[in-house]
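Input: a single structure, listed below in structure tokens.
Side chains are part of it too, since the values below use all heavy atoms of this structure and drop only hydrogens, waters and symmetry mates. Numbering starts at 1 and runs along the sequence shown.
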Amino acid sequence: MVSTLPVSLEDIHAAVRRIAGRVLCTPMVQSASLGELAGVPVHLKLEHHQTTGSFKLRGATNAVLSLSAAERSRGVVAASTGNHGRALAYAAKAEGAVATICMSRLVPENKVSEIRRLGADVRIVGGSQDEAQQEVDRLVREEGLVMVPPFDHPDVVAGQGTLGLEIIDAWPEAAIVLVPLSGGGLAAGVAAAVKGISPTTKVIGLTMEKGAAMKASLDAGRPVQVEEVSSLADSLGGGIGLDNRVTFAMCRNLLDEVILLTEAEIAAGMRHAYACERQVVEGAGAVGIAALLAGKIRGGGPIVAILSGANVDMEQHRRVINGTQPLYGEEGP
């Protein structure tokens, strides 16, 4: 099944070799508190310790290094909800290329300012990632920039898949892997890697309850648009593209289940990560913990939850921890 999809296990192994020395092999630690709750061993993959604060550096680095020198000289461009933009800005700068990052007004300022700090040209366009993508398309068409998409690209997916290889290498006994799900780059890559080595391991996608484009698309059997709304898990927002070529098919074929989480459940995951695991994570990075706390993970066997990002506004994080952060679309805690 994996070999017929756009990204193979061999592609992911090639990405490991390509990005070696440019990204971190992040730690994986056991959680006593979550293990007691789940009744099985639970490990946390601390990908939020990655150099740019999220898993996105893997895919961005693999994609930039896969370009020719002539392509890199033209400059790279992408739409982003923040973390891919930061990763692409970092990866491009490391190779002497200029990055242009297009984002909507929904992207938190802490993510925007960090991308600017890395030297990227930042464009704030519209109120959704789909509108930001329109500016990307214009820059590709009129100025010749090279697009490095945030998820729907084989090189990006293969780069994210290196995280899945690290999980299985560190803990071959894993029966369930919990992965944040947005456009599907991480979920597709991790699932291809994990199932390429351990076909019986379940890979479960986790996303927010409202504005989850991949879940809506999987339910419809085709890519669909959804309204993009504010969420604590802001980096899980955005569409998957109506012309999606890579991640929709891979998520449809490889994910065992997709689970939705409320804003209150995501906030609880962030609080637990801080209070019990001593980890500061953004909302998207907390969805694995959130699903375990909410009792939404069924089935026995060892579990790995990916903590995918740490790029949270610290004032918002303080409010979440203190229980004073208003929850989008819900009554406050």
For Y90, I'd like to know if atom OH has over 12 heavy atoms of other residues, nucleotides or ligands within 6.0 Å. no
L5 and V246: same hydrophobic cluster, using ILVMFWY side-chain contacts below 4.5 Å? yes
Do side-chain atoms of T26 reach the backbone of H49 as a donor and acceptor pair under 3.5 angstrom? no
ILVMFWY cluster, V77 and V107 together (side-chain gap under 4.5 Å): no
Around E142, counting heavy atoms of other residues, nucleotides and ligands shown, do more than 12 lie under 6.0 Å from its CD? yes
Please round to the nearest 0.5 Å and tell me the distance separating atom CZ of R86 and atom OG of S113. 8.5 Å
Where the side chain of S54 meets the backbone of S308, is there a donor-acceptor pair that is under 3.5 Å apart? no
Roughly how far, to the nearest 0.5 Å, is the OG atom of S66 from the CG atom of D11? 10.0 Å
Would you call the rings of H43 and W171 parallel, tilted or perpendicular, where under 30° means parallel and over 60° means perpendicular? tilted
How many angstroms lie between CE in M28 and CD in E47, if you round to the nearest 0.5 Å? 12.0 Å
Is it true that E135 and R138 have a side-chain N and a carboxylate O under 4.0 angstrom from each other? yes
Verify, without hydrogens or angle tests, whether Q160 (side chain) and A187 (backbone) share a donor-acceptor contact under 3.5 angstrom. no
Would the distance check show the side chain of R271 and the main-chain N or O of V320 forming a donor-acceptor pair, the cut-off being under 3.5 Å? yes
More than 12 heavy atoms from other groups under 6.0 Å of CZ on R245: no
List the atom of V281, the atom of H48, and the distance in Å for their closest heavy-atom pair. CG1-CD2, 3.6 Å
Are there more than 12 heavy atoms of other residues, nucleotides or ligands under 6.0 Å from atom CD of E227? no
Is there a side-chain contact between L106 and D234 in this structure, where contact means two heavy atoms from C-beta onward sitting under 4.5 Å apart? no
Please step through side-chain contact (heavy atoms from CB on, under 4.5 Å) for the pair H317 and E282, ending with a clear verdict. CA-CA 8 Å; H317 187 270; E282 59 186 284; over 6 Å; no
Does a donor on one side chain and an acceptor on the other come within less than 3.5 Å for S104 and E131? no
Please assess L307 against E277 for the test side-chain contact (heavy atoms from CB on, under 4.5 Å), listing each intermediate value before the final yes or no. CA-CA 11 Å; L307 308 192; E277 312 297 341; 5.9 Å; no
What distance do S33 atom OG and L293 atom CG have between them, rounded to the nearest 0.5 Å? 8.0 Å
Spacing of CG belonging to N83 relative to OG belonging to S235, to within rounding of 0.5 Å: 5.0 Å
Are V194 and V179 in one and the same hydrophobic cluster, where Ile, Leu, Val, Met, Phe, Trp and Tyr link if side-chain heavy atoms are under 4.5 Å apart? yes
I need the minimum non-hydrogen distance between D243 and D152, along with the two atoms involved. O-OD2, 4.3 Å
Any salt bridge between R18 and D155, counting N to O under 4.0 Å? no
Would you check, one step at a time, whether the test salt bridge (charged side-chain N to carboxylate O under 4.0 Å, His left out) holds for E114 with R117? CA-CA 5 Å; E114 181 60 22; R117 188 190 68 78; 2.6 Å; yes
Between I12 and A193 the two heavy atoms that sit nearest each other are CD1-N, 3.7 Å
Check whether N62 reaches the backbone of A14 with its side chain - one donor and one acceptor, N or O, closer than 3.5 Å. no
Does any donor atom in the side chain of T162 or R58 lie under 3.5 Å from an acceptor atom in the other side chain? yes
Polar contact flag, side-chain donor to acceptor under 3.5 angstrom, E209-T262: no
Donor-acceptor pair, side chain of R72 and main chain of L67, under 3.5 angstrom: yes
Of all heavy-atom pairs linking G205 and L255, the shortest is N-CD2, 4.3 Å
Check this for me, if you would: do E315 and R318 make a salt bridge, where the nitrogen-to-carboxylate-oxygen distance has to be below 4.0 angstrom? yes
Would you mind checking if R319 and D313 are paired as a salt bridge, meaning a charged N to carboxylate O distance below 4.0 Å? no
Separation between CG (L254) and OG1 (T247), nearest 0.5 Å, reads 11.5 Å
Co-membership, hydrophobic cluster, residues L261 and L292, 4.5 Å side-chain: yes
Any side-chain donor paired with an acceptor under 3.5 Å for D130 and Q134? no
Do V203 and L165 sit in one hydrophobic cluster, given that two such residues count as connected whenever their side-chain heavy atoms are within less than 4.5 Å of each other, even indirectly? yes
Could you check whether any side-chain N or O of K215 sits under 3.5 Å from a backbone N or O of I259, counting only pairs where one atom can act as donor and the other as acceptor? no
